K.L.:
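Quick one: this structure, given as structure tokens, is what I'll be asking you about.
This structure is a prediction, so every number in the text was calculated from the model and none was measured. Letters go in sequence order (proteins before strands), and every chain restarts at 1.
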Protein chains: 2
Amino acid sequence: MTTQRPSENAIAAWTRLVRVSTQLHVKIEQSLKNQGLPPLSWYDVLIEVHRAGSEGLRQFEISNKTLLPKHNLSRLIDRLEKEKLVRRQTCSEDGRGNLILITEEGTEVLKRMWPVYGSGIHEGIEGSLEPEEVLMLAELLEKLTTGSRK
Amino acid sequence: MTTQRPSENAIAAWTRLVRVSTQLHVKIEQSLKNQGLPPLSWYDVLIEVHRAGSEGLRQFEISNKTLLPKHNLSRLIDRLEKEKLVRRQTCSEDGRGNLILITEEGTEVLKRMWPVYGSGIHEGIEGSLEPEEVLMLAELLEKLTTGSRK
DNA sequence: GGTTTGTAGTTGCACTTGCAACTATATGCA
DNA sequence: TGCATATAGTTGCAAGTGCAACTACAAACC
């Protein structure tokens, strides 16, 4: 199996992908901080737990969805729990694991973060692309995401 | 000025953008580590300094190109310098700054990293998109990159 | 049942990053 | 010239991250 070299266009796509995502990421992080709000990683976890509703989510499920490594997530949840934004509940079906549930305060924080996050996305994406282009971008990126989305 | 909310498609584009870039980033980092090679951030800096050739680059220029914050870059260059992959040269035109120059060894490391990095890009991008799609993706992302590219 | 192997999650340690403060030089302006 | 302000880069400290080792439970196998 020989090492395949990427085309010029693939290199351009990749470098721009990285650039765009870090630029916007930094910008949104800054907006959040300016508003005294927590970082994006908190949002990512909270939103998943929120979607799971009263069922809650196992840590490994959150890990899969957010792409955060488990050890990292373990400590992030420590922080969220300390702020009472989520709570850990011992899992009846699997004695090894926890169920993570969002609290009222957690939902509240989500609500306060979203306007900032959302307007960052709006400006970053729709500020320079037409609606059809946004759709096309979303479709192209869909093809690129490997494995367990959803 | 009211807070603009993003469209569903914009949200999808953004979440997939983040997902794709982190997935591939993680994958390439792992490949590099498996080969006993340094992390991607080293490559990013080295390639910029390499492109600048014997002119060298100021740290703030590298910072602009790579989006690494200056304090971070300062210490990254410490590490690169310790490994003799770059060298700092006091700048004659501006007594505050350094010129960063790549060394033979630095160029050598770039050469060893590229096959791994390149094949990661190839698989990650061209593994699931047709050539026209890659081009289209690159063009859409070009429109999204704000400011000082080059 | 007991033993091996796998998975969920946590923790210690080293390293990296962010933040704010700091030094040093450059630039603008009276 | 002399002073105020801005920029380049570094550093101390706190916080976050990766890695590998570890505990605890589960599942498969005998």
K.L.:
Given C:dG9, C:dG6, D:dG18, which nucleotide is nearest the side-chain atoms of A:Arg58?
P.N.:
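The closest nucleotide is C:dG9.
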K.L.:
Strictly distance-based, threshold 3.5 Å: is any side-chain N or O of A:Glu81 a donor or acceptor partner for the main-chain N or O of A:Asp78?
P.N.:
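Not a single qualifying donor-acceptor pair exists.
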K.L.:
Could you tell me whether the phosphate oxygens of C:dT10, OP1 or OP2, come under 4.0 Å of any side-chain nitrogen or oxygen in A:Asn98?
P.N.:
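Yes, A:Asn98 has a side-chain N/O under 4.0 Å of OP1/OP2 on C:dT10.
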K.L.:
So, does A:Arg75 get its side chain near the phosphate of C:dG9, meaning an N or O under 4.0 Å from OP1 or OP2?
P.N.:
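A:Arg75 to C:dG9 OP1/OP2: no side-chain N or O under 4.0 Å.
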K.L.:
So which nucleotide from C:dG9, C:dG18, D:dA26 ends up closest to the side chain of A:Ser74?
P.N.:
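Per side-chain heavy atoms of A:Ser74, the pick is C:dG9.
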K.L.:
With the threshold set at 4.0 Å, does a side-chain nitrogen-carboxylate oxygen contact exist between B:Lys65 and B:Asp44?
P.N.:
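Salt bridge absent between B:Lys65 and B:Asp44.
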K.L.:
What's the closest nucleotide to the side chain of B:Arg88 if the choices are C:dG18, D:dG9, C:dT10?
P.N.:
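Of the candidates, D:dG9 comes closest.
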K.L.:
Nearest nucleotide by nearest heavy atom, which residue falls closer to the 5' end of DNA chain D, B:Asp78 or A:Glu93?
P.N.:
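Looking at the nearest nucleotide for each, B:Asp78 comes out on the 5' side.
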K.L.:
Of the listed nucleotides (C:dG9, D:dG18, D:dA24), which one gets closest to any side-chain atom of A:Gln59?
P.N.:
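Shortest atom-to-atom distance from the side chain points to C:dG9.
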K.L.:
On the nucleotide D:dG18, are OP1 or OP2 found under 4.0 Å from the side-chain N or O atoms that A:Asn72 carries?
P.N.:
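Yes, within the criterion.
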K.L.:
In whole angstroms, how far is the C1' atom of D:dA8 from the CG atom of B:Leu68?
P.N.:
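From B:Leu68 CG to D:dA8 C1': 16 Å.
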K.L.:
Give the C-alpha distance, both sets of side-chain angles, the deciding distance and a yes or no for salt bridge (charged side-chain N to carboxylate O under 4.0 Å, His left out) between B:Glu105 and B:Lys84.
P.N.:
CA-CA 7 Å; B:Glu105 293 95 318; B:Lys84 305 204 188 307; over 6 Å; no
K.L.:
Using atom CD1 of B:Ile100 as one end and atom C1' of D:dT10 as the other, report the distance to the nearest whole Å.
P.N.:
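So the two atoms are 13 Å apart, to the nearest Å.
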K.L.:
For A:Lys70 and C:dT11, give me the distance from atom NZ to atom C1', rounded to whole Å.
P.N.:
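So the NZ-C1' distance, A:Lys70 to C:dT11, works out to 12 Å.
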K.L.:
Let's see if you can work this out: which of D:dG18, C:dA8, D:dG9 has an atom nearest to the side-chain heavy atoms of A:His71?
P.N.:
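So the nucleotide nearest the side chain must be D:dG18.
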K.L.:
Apply salt bridge (charged side-chain N to carboxylate O under 4.0 Å, His left out) to the pair B:Arg58 and B:Glu61, showing each step before the final yes or no.
P.N.:
CA-CA 5 Å; B:Arg58 297 290 299 276; B:Glu61 297 177 296; 5.9 Å; no
